[in-house]
Amino acid sequence: MIAPVRRDWSPKELFNALTPTMFTAEPSVVRARWDRLWPELYTEYDARHLEKELCIRNLIKTNEAKAFFTAWAADEERHTDGFIQIMELVAGGSETDLRERLDARSHDFSAISEFLKDEFSLIVMIAFDEMCTCRAYAAEREFYAGLGNSRFLRWLREVIADEAVHSMNAVNVIRSRYCDRVSEVGAILESLISGMTDDTSYTGTFVLDYFGTAYTKELLANCRTTILRNVAKPLTPAEQDGSNRRAN
C-alpha cells in the first residue's frame, strides 16, 4: 500500500518563546490582523467537520484513502492550533473565546454534494483544493513578515509545505488506486472551477474556501494544470514502497 508522506514539526515549539506583549499595536492594526487571520483559522478548523461528513456518508473505502485522511486530519489540527497561537500573540485573541466561536459556526455540505458521491471524486477535489491553498498561502508572505518576528514566516513555510504534501498525497491515492479513472480528473476539476462565481459563499466545508485576492482565476487554472500533470505520472518503485515516509 502506498503510504502518505508525513511532516514532523510543532507550532507550540515554534512560538513558545513569543508573548503577546511583544506584538502590541493600535486597535485598528489588531483588528486588521484579526480580520485577516480569522478566516484562515476557521477554514483549517473546518477540516474536522468535513472528516465527520465523510464518515456519515461512508465515503472512505480504500486503505490508501484512510491513511491519507488520518495524516491529513492530524495536520489540519496542527494548523488550527498554530493559528490560535498566532491570534493570541498578535490579534488579541484567547484560545477559549476562539474555540467557542469556532464551535458555534454552522456547516452545510449541500454545495459540494456533487464531489462527495464517491471516494475518487472526493480525492480529486482535495488534491486540487490543497494545491490552491498552498499557492494562496505563498502569496501571504508580506503579511506574515509584517507581524514582527521571523518565526511567523517560518510558520508560513511549514504550512505551505504541509499543503503541498497533502496535495501530493491525494494525487498519489489517485495514481495508486484510480489510475483507470485519470481521464475523468479534468472534467471534475473543470466542474469545480466553473461552479465558483463571485456570488459563491463559503458554508464551512473546508474545501472551496476561495475568498481573498490570492484566489485569482489564473491561480485556479494553474492549479488545475498542475494536478492534471501530476496524476498522469506513473508511480515509481520508491513511491510504491509501503513504508511510512516523512518529509522535513
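Here, residue 1 is the first one in the sequence, and each next residue gets the next number. Because the structure is predicted, anything quoted here is derived from the model rather than measured. Any value given below was found using the heavy atoms of this structure, including those in side chains, with hydrogens, waters and symmetry copies removed.
Scanning for side-chain contact (heavy atoms from CB on, under 4.5 Å) contacts around R101 gives W34, W38, D97, with sequence neighbours left out.
A donor-acceptor pair shorter than 3.5 Å can be found between the side chains of T21 and T19. Side-chain contact, Y178 with E119: a donor N or O sits under 3.5 Å from an acceptor N or O.
Side-chain contact between T216 and L219 is present, with heavy atoms from C-beta onward closer than 4.5 Å. Under the 4.5 Å side-chain criterion, counting only non-hydrogen atoms from C-beta, R36 is not in contact with V90. For the pair F83 and L98, the minimum side-chain heavy-atom distance is 4.5 Å or more. Here the side chains of R157 and R141 are not in contact, with every heavy-atom distance at 4.5 Å or above.
The distance from the CG atom of L41 to the CD atom of Q85 is 11.5 Å, given to the nearest 0.5 Å. In this structure, the separation between CZ on R48 and CZ on F206 is 12.5 Å, given to the nearest 0.5 Å.
In this structure, W155 and W9 have perpendicular ring planes: the angle between them is above 60°, well past the 30° mark.
A salt bridge links D81 to R99: one of the charged nitrogens lies within less than 4.0 Å of a carboxylate oxygen.
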Exercise answer: donor-acceptor pairs, residues 120-134 side-chain atoms, under 3.5 Å, sequence neighbours excluded:
{"residue": "S121", "atom": "OG", "partner": "D118", "partner atom": "OD1", "Å": "2.9"}
{"residue": "D129", "atom": "OD1", "partner": "L208", "partner atom": "N", "Å": "2.7"}
{"residue": "D129", "atom": "OD1", "partner": "Y210", "partner atom": "OH", "Å": "2.9"}
{"residue": "E130", "atom": "OE1", "partner": "H166", "partner atom": "ND1", "Å": "3.3"}
{"residue": "E130", "atom": "OE2", "partner": "W72", "partner atom": "NE1", "Å": "2.9"}
{"residue": "T133", "atom": "OG1", "partner": "D129", "partner atom": "O", "Å": "2.9"}

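Between the side chain of R7 and the backbone N or O of E158, at least one donor-acceptor pair lies under 3.5 Å.
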